[in-house]
Protein chains: 2
Amino acid sequence: MTKIGIRYTKPRKLVFEALEHLSKPVSANEINDYLKNKIDLTSVYRTLSLLIKSEMVNVILFGEGKKRYELKNKNEHHHHLVCEKCGDVKDVEMKESSLLKSVEERSKFVIKKHNLEFFGLCPDCQ
Amino acid sequence: MTKIGIRYTKPRKLVFEALEHLSKPVSANEINDYLKNKIDLTSVYRTLSLLIKSEMVNVILFGEGKKRYELKNKNEHHHHLVCEKCGDVKDVEMKESSLLKSVEERSKFVIKKHNLEFFGLCPDCQ
DNA sequence: AAATTATTGCAAATGATTTGCAATATTGCA
DNA sequence: TGCAATATTGCAAATCATTTGCAATAATTT
Ligand SMILES: [Mn+2]
Ligand SMILES: [Mn+2]
Ligand SMILES: [Zn+2]
Ligand SMILES: [Zn+2]
């Protein structure tokens, strides 16, 4: 009987806008800072869970002990290059189908997804 | 004047043996469980830091919100394939030099390292 | 064996993320 | 438009992984 509905609320609007505006992998805290604490950190997390479940957001790991989130948006599937000096992040696209196929063949696994991030020095920092 | 010395102690012996025996990416807690709490969790962490600094151990991220550690040992540089159903982990080796070179050329970054992990279903689970 | 000082265990701190719950806001419908 | 139904929020507290301070203890040196 009861209809389930996902409501369009202020926190959701704001978190989405923040992700859109920042347009790079950001932490929950960075979203909160950007929003100047207009909403509670808890709501940031809850909205992120929602966006992840509905496949609008990707979780990205740089190994800092926290998660980063990025809007899937228009961009194609891609990875990142992080400058270890200045922290700058650059998107990296590449053709990986043959690599994936090769791994599947050798392992007999069916691959569902993968994480790939690069770390190094950007042109300015090297 | 004072010599600095790194001591060969029971916790260090045990953590190393645990990593050797488990021989796959394990969490600090799993090491501690394997050692049946013979040493404190803090010492596990401290020994791991030491082993990482001396490049004997690699940190691996599966995105569970915690780090995993694996002995570098004899094995070459490699990545992993994780079964999302049974949790089984398989090593994956591949030639990635051309891929790395391509990313460096396109981005102008100098790449120092990268993380790459695959997730899917193992032969038994699919 | 004693002195030196690195290392340990334990408790407490920290940081990220999650959860419980009562107060509040959205929505569908009268 | 007005309200009831219920999804969502904020706030506090809980949880989990990891780190830190410090006095007690163990490994090395002399
Ligand atoms: Mn990106
Ligand atoms: Mn491995
Ligand atoms: Zn840089
Ligand atoms: Zn499996």
Side-chain angles (χ1 to χ4, degrees), chain A residues 1-19 22 24-54 56-70 82 87 115 117, chain B residues 1-19 22 24-54 56-70 82 87 115 117:
Chain A
M1 301 295 130
T2 57
K3 283 219 182 71
I4 46 102
I6 289 195
R7 299 177 177 177
Y8 191 51
T9 63
K10 176 177 148 202
R12 289 172 184 175
K13 212 171 309 187
L14 291 174
V15 169
F16 190 89
E17 285 173 13
L19 286 167
L22 298 168
K24 63 174 177 180
V26 287
S27 66
N29 246 306
E30 287 169 346
I31 293 174
N32 208 233
D33 288 349
Y34 173 74
L35 295 177
K36 306 251 189 56
N37 300 288
K38 278 204 282 287
I39 61 174
D40 196 85
L41 221 207
T42 308
S43 298
V44 173
Y45 277 111
R46 284 195 273 230
T47 300
L48 286 170
S49 304
L50 203 65
L51 292 172
I52 292 164
K53 196 170 356 155
S54 48
M56 304 181 71
V57 159
N58 271 138
V59 177
I60 290 156
L61 299 171
F62 288 162
E64 318 143 292
K66 66 185 162 204
K67 291 173 179 169
R68 292 187 167 269
Y69 309 84
E70 185 178 51
V82 182
N115 294 338
E117 311 297 340
Chain B
M1 305 295 126
T2 56
K3 283 223 183 67
I4 45 98
I6 289 195
R7 299 177 177 178
Y8 191 51
T9 63
K10 176 177 147 202
R12 291 171 183 177
K13 212 171 308 188
L14 291 175
V15 169
F16 190 90
E17 285 173 14
L19 286 166
L22 298 168
K24 64 175 176 178
V26 287
S27 66
N29 247 306
E30 286 168 348
I31 293 173
N32 207 233
D33 288 348
Y34 173 75
L35 295 178
K36 306 249 187 58
N37 300 289
K38 279 204 283 287
I39 62 175
D40 194 85
L41 221 208
T42 308
S43 298
V44 173
Y45 277 110
R46 283 195 273 232
T47 301
L48 286 171
S49 305
L50 203 66
L51 293 172
I52 292 164
K53 195 169 359 157
S54 48
M56 303 181 72
V57 158
N58 271 139
V59 177
I60 290 155
L61 300 172
F62 288 163
E64 317 145 292
K66 66 185 164 205
K67 292 174 178 167
R68 292 187 167 269
Y69 309 86
E70 184 179 52
V82 182
N115 294 338
E117 311 299 340

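Just so it is clear, the model here is predicted, and its values are computed rather than measured. Heavy atoms only: backbone and side chains are in, while hydrogens, waters and symmetry mates are out. Each chain gets a letter, A, B and so on, in the order the sequences are listed, and its residues count up from 1.
One interatomic measurement links the two molecules: CG of N37(B) to P of dT8(C), which rounds to 16 Å at whole-angstrom precision. The distance between atom NZ of K38(B) and atom C1' of dT8(C), rounded to the nearest whole Å, is 16 Å. One interatomic measurement links the two molecules: CG of L14(B) to C1' of dT8(C), which rounds to 13 Å at whole-angstrom precision. In this structure, R12(B) atom CZ and dA26(D) atom P are separated by 15 Å, rounded to whole Å. The interatomic distance linking E64(A) (CD) with dA17(D) (P) rounds to 19 Å, in whole Å.
By the 6.0 Å contact criterion, NZ on K13(A) is enclosed, its count of non-hydrogen atoms from other residues, nucleotides or ligands being greater than 12.
Using Watson-Crick or G-U wobble geometry with both donor-acceptor distances under 3.5 Å, dC11(D) finds its partner in dG20(C).
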Where along nucleotides 16-26 of chain C does protein come under 4.0 Å, by heavy atom, of base (B) or sugar-phosphate alone (S), with - for untouched nucleotides?
SBBBB----BB
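Between the CD1 atom in I6(A) and the OG atom in S54(A) there is a gap of 7.0 Å [rounded to 0.5 Å]. Atom-to-atom distance recorded for F16(A):CZ and I31(A):CD1 is 11.5 Å, nearest 0.5 angstrom. Expressed to the nearest 0.5 Å, how far CG of N58(B) lies from CG of L19(B) amounts to 11.0 Å.
Neither side chain, S27(B) nor N29(B), offers a donor N or O lying under 3.5 Å from an acceptor on the other.
Test R68(B), K66(B), K24(B) against E30(B) for side chain to side chain donor-acceptor pair (under 3.5 Å) and you get one pass: R68(B).
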